[in-house]
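Notes to accompany the following structure.
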Amino acid sequence: MASPRNAASGARVTPEVESISSLLLHPLLQDPKFVAAVLAVFLSVVLFTCKPSAKRRVGGRSGTPTVLLVGPADSGKTALFAKLAHGSRTETHTSITPSSTTFSLDSEDPARTAIRLVDIPGHPRLRDEVKRNLKTASAVVFVVDIQALLRNAGAIAEELPPILTTVASASLASGQPTKLLLLASKADLLSRPSPTTPSPTLSASTRQTAADRLSSVLTREMDRLKQSRASTGGRIEGIGRVQSSGGTGLAGLWKRFFGGRGGGDVDDAELEEDETLVWGGRGTFRWEDVEGVEIAWGVSALGAVKAVGEEGEGLDEVREWLRSV
Amino acid sequence: MLDHVSISHQSGLILWSRSFTPAFASLAQTPASPVNALVREVFIEGKVRGEDASFERDGYNVRWTMENGLGLVFVVVFPALLPLTYIPALLTRTKQLFLSLFQQYIQTLVDTLSATSGVLTEAAGSALRVLQQRMDDERWAQIFDRCLRNCEGDQARRPAQTPISLHRQAQLSAASGASTPGVPDTPTDSVTAEEIAKNVEALKSKMKGGRGKGGKGTGQTPSPSPSRKTGAAAKLMRKWGDSQVSAGDMAALDYSTPAPETPNGQGTPIDVEALVSRDAMGQRSKDGQYEVADWDFRGGKRAAAEDLPSEEEILARGTSRLTIDDKEDKEEVAGSSWSGIFSRLTGSKVLSKQDLQPVLAEMEKHLMDKNVAKDISEKMCDSVGAALVGKKLGGLSSVKSEVQSSLSSALTRVLTPKTSTDLLLDIQRKRSASTVSYDNALPDPYTLTFVGVNGVGKSTNLSKVCFWLLQNGLRVLIAACDTFRSGAVEQLRVHVRNLGALQDELGVGEKKVELYERGYGKDAAGIAKDAITYAKENKFDVVLIDTAGRMQDNEPLMRALAKLVTVNNPDKIIFVGEALVGNEAVDQLTKFDRALKDFSGAGTGGGQRKRGIDGIILTKFDTIDDKVGAALSMTYVTGQPILFVGCGQTYTDLRQLRVNHIVQALLN
Ligand SMILES: Nc1nc2c(ncn2[C@@H]2O[C@H](COP(=O)(O)OP(=O)(O)OP(=O)(O)O)[C@@H](O)[C@H]2O)c(=O)[nH]1
Ligand SMILES: [Mg+2]
């Protein structure tokens, strides 16, 4: 093992190199067959591990589209994810890690309707995950609990600008607009008496109430945000990158290949995202002004966990939108 | 006696759960559920250290155990007032049983939950349903019931045991010594001994080749009658060398030797005592009805449970599967490092405490080198370690890079603000809220109170914030409430003059910044109050309150600060701290936070909410190179965001924190 001092100074490569070099003296290494086998395994593993990252960088937007479920905590993302991707209305608790499943929307035509759905935890402390995943997404669903919206309008809306900004700059970079669905979830809770079937069919008026509430509240709050943020006044810059030694040469190369996120997102610092992409020109906020994002609205209802009976149409809007992705 | 059990995956999907009371059943599916609180505060925000610590919320006690390899969380909720000692044993036992039964199905589910590519697989859509079906097929609910019953039974019998066996021993020795024949207990006792031996044999044959998983509950339960258990345990140990016998194993063993129910019914003293202790437990629970229902339900299930596979059978099933893994592990430890490298390449290396220990120690030291407080580096590394034990090491990543990447996300989590840091927005919201509620009344100004120890740069950074607010077109009043240190008011006067001059230069007609001062030696709380009134009358948007620096241990001064907060109820209390502090950071912030909470709550009839620190300004950031540890220490302690970073002497040297830069600096 490397001395702690040495390792602490950022040379994360040392332990690997040392363990390998110590192995060179091993008797098994005299056997050429064994060496060949190990090399073959090594090569295939290298190819294997490098494939996804290469794919992400080049063709993130072709092939199976990746759709993200984002939004505040407890808005019903995981419930939606379980229902859409796993066909099951299960109980959930606050998510800790993101999860993703590839499934097809239409069992008749699985290949063409396949999507990869990613459920991102809504806890503010995990906001980092949202940003990291947004860069590879071809479409995004922003899930809003339509009941909580009245109580927490401000806080919920505040999550939108960073998402819009990241999405907008990603689509500008790739030249393809990204689709964003603003979804009013749990709409079944608005109807009286509360429906008892799974994914209940909503009455036209309930659906309308949910849709109106979502768009009016979000638009109002976004307008407020625009008034306070888009103003010219003094913006406070972020701190610069903290200078430190190391991280170049072999170590840097190694880091890029194998270090995972431990090495930090080097590209991130340069990619200073600009919120002006979201705010558009003067005057009130308009959704059309958000550059590079195709915004759609929707309403969903999953019903209670223990619901029984006929499957309703509560998810039809979401499914329809997903098909269009 | 329990309220709720759940087995879930970290993604948030609950694989199986049961609420034992209707009240909890309705609570379980709300954001306010104690399970959700546990996930948020312990798993995400990392507030409690280990599984041994319990977590209490709203009168419920929550205990949990993790399975990191699969990402499972096992949670038990019970009333906080009940001293249930069997919970840890129940958790480990449940975990063992659940994994033995369903491991492969869970693995499939977990794999489909981490689809990195867009490739459709057969299992994807159905894995969750298949697992749930499987649980039905195996009658998991009943297996759990039996497990719970066993654990409960254990606790119920235990207090009775020791005195009885002592009593018996006394009788026994009396019998042998005085050779009094016909003491009814003596034959009973010998029967029991035989039964034990038989059961040990049975257990051995059932678990042949298997290895009992070590249970951590062993130490927690009150020590049982030594004559029986240690004997049995010793035998088992001899047989399998390094394996441990879990409390659960012993419980099962114990349960199958029903000494009190011997045919001749002479064991009455035992029976009575067991019954008494059960009754006592029943009375302790508040809700008598539920207790009855619980009994009924168990009685109903008891008959059906007869043909369930025994727990040992289940575990043996699991262990036979696990032995393969264990062998691999052994080879690694013992043999050449080839197999280590090899299994690492194929991604089958499972991280153990021993693997992690040196790397964690190194990271801990590294963090401390970056000026993170000792306590906090320890806690961070502990929690990272706890979350990694049992995880599979994938691909080519070394233990070190694995640790580093999870440390990196742990650091990011701590540093990422939980609440909005947009002051301007907050100011605007308050203004529009107060204009809406009282039509033509003047809006209340937004107040910020700056607190901190001496000499950290409170006044300087207050003026920087002031400059920024002015630039955003707000009218600012600075209240000089440092009535203690000589020169404090003059210092602010200079700042205000400078800021005023800057404003003039920028060509703003109206005078936008003023100082509110009342000299020295007066009550700071009173001055602040007057300042706020003055600001309201004169249509200032924001009041910045400068307070005297004070040491966190000075109780009278801390009380005075709390009074200022109670009287004026500022919108934000901002702690100003130096980036230079190391271990001191923890002490300063905890004490400021606690003093504010304790003393401000007590001040006025308790009607007001308790106030703590709402945000942090980290100063002198330009003097520390890459030793940015204070940023971590401060956010860790308070859970509050760093609103600004001061990095120089001029008014424009104010920055926003960039979490990823701090994390990078901490790890490099
Ligand atoms: N009635 C009803 N309840 C819903 C609906 N969607 C979700 N829920 C419930 O809302 C609660 C929270 O849902 P989750 O899916 O866990 O929320 P989440 O967005 O994943 O939350 P985080 O993981 O904390 O971000 C659960 O108890 C769901 O059962 C719905 O359409 N109707
Ligand atoms: Mg979730």
Side-chain angles (χ1 to χ4, degrees), chain A residues 1 4 7-8 10 12 15-16 23 28 41 45 49 52 63-64 74 78 82 86-88 90-97 99-104 110 114 116 123-128 154 158 228 231 233-234 236-239 241-244 246-247 258-262 264-265 268 305, chain B residues 8 10-14 17 29 31 35-36 39-40 43-45 112-113 115-116 118-120 124-125 128-129 337-338 345 362 365-366 369 395-398 400-401 404-405 408 412-413 416 418 420 424-425 428-429 468 471-473 626 628 645 654-658 660-661 664-665 667-668:
Chain A
M1 230 18 214
R12 71 201 66 214
E16 291 298 326
L23 287 171
L28 262 177
V41 169
V45 167
T49 47
T64 311
D74 287 311
T78 309
H86 293 269
S88 155
T90 40
E91 296 179 357
T92 57
H93 63 57
T94 304
S95 309
I96 307 165
T97 54
S99 45
S100 53
T101 299
T102 305
F103 71 103
S104 66
R116 178 169 163 261
H123 194 285
R125 281 277 159 87
L126 302 172
R127 216 173 291 144
D128 179 53
E158 230 185 306
S228 103
S231 68
I236 296 196
E237 285 171 39
I239 53 168
R241 249 151 78 67
V242 183
Q243 291 303 318
S244 59
F258 310 114
R261 297 195 308 118
D265 321 40
D268 219 79
V305 174
Chain B
S8 59
Q10 292 180 334
S11 64
L13 295 175
I14 294 180
S17 79
Q29 281 302 293
V35 181
N36 276 338
V39 173
R40 279 194 304 265
F43 300 152
I44 299 179
E45 295 170 29
T112 62
L113 283 179
T116 45
V119 181
L120 265 183
L128 183 58
R129 274 169 297 157
S337 35
W338 273 117
L345 286 180
E362 195 184 300
K365 192 169 164 299
H366 178 73
D369 283 348
L396 273 174
S397 51
S398 63
K400 180 155 180 182
S401 71
Q404 225 156 7
S405 83
S408 159
T412 310
R413 274 205 303 269
T416 306
K418 194 165 54 164
S420 167
L424 291 179
L425 183 66
Q428 196 203 37
R429 279 210 187 115
W468 168 67
Q471 273 189 309
N472 280 288
D626 63 344
V628 295
V645 176
L654 200 60
R655 299 278 180 275
Q656 239 152 24
L657 191 81
R658 287 233 190 282
N660 54 346
H661 290 177
Q664 248 168 286
L667 288 175
N668 269 334

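Protein chains get the first letters and strands the later ones, always in sequence-line order, with residue 1 at the start of each. The structure displayed is predicted, hence computed values, not measured ones.
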Sorted by chain and residue number, the side chain to side chain donor-acceptor pair (under 3.5 Å) partners of B:Gln29 (sequence neighbours excluded) come out as none

Would the distance check show the side chain of B:Arg129 and the main-chain N or O of A:His86 forming a donor-acceptor pair, the cut-off being under 3.5 Å?
yes

* With a 4.5 Å limit on heavy-atom distance, are the side chains of A:Thr78 and B:Leu13 in contact? -> yes

In short, A:His93 meets B:Ser8 closest at the heavy-atom pair NE2-OG, 2.6 Å

To the nearest 0.5 Å, atom NE2 of A:His123 lies from atom CZ of B:Phe43 at 12.5 Å

All heavy atoms of A:Pro124 vs all of B:Thr416, minimum pair found to be O-CG2, 3.6 Å

Between A:Ser99 and B:Ser11 the two heavy atoms that sit nearest each other are OG-CB, 3.5 Å

Separation between CZ (B:Arg40) and CG (A:Asp74), nearest 0.5 Å, reads 6.5 Å

Interatomic distance, OG@A:Ser228 vs CG@B:Leu424, rounded to 0.5 Å, equals 6.0 Å

Separation between CG (B:Leu113) and OG1 (A:Thr101), nearest 0.5 Å, reads 5.0 Å

Side chain to side chain donor-acceptor pair (under 3.5 Å) filter on A:Thr94, not counting sequence neighbours, yields B:Asn36

Residue from A:Glu158, A:Arg127, A:Arg125, A:Arg116 scoring the most non-hydrogen pairs under 4.5 Å with chain B is A:Arg125

Turns out that what part of A:Ser104 lies under 4.5 Å from chain B's heavy atoms comes down to both

Nearest heavy-atom contact between B:Ser17 and A:Glu91 is OG-OE1, 2.7 Å

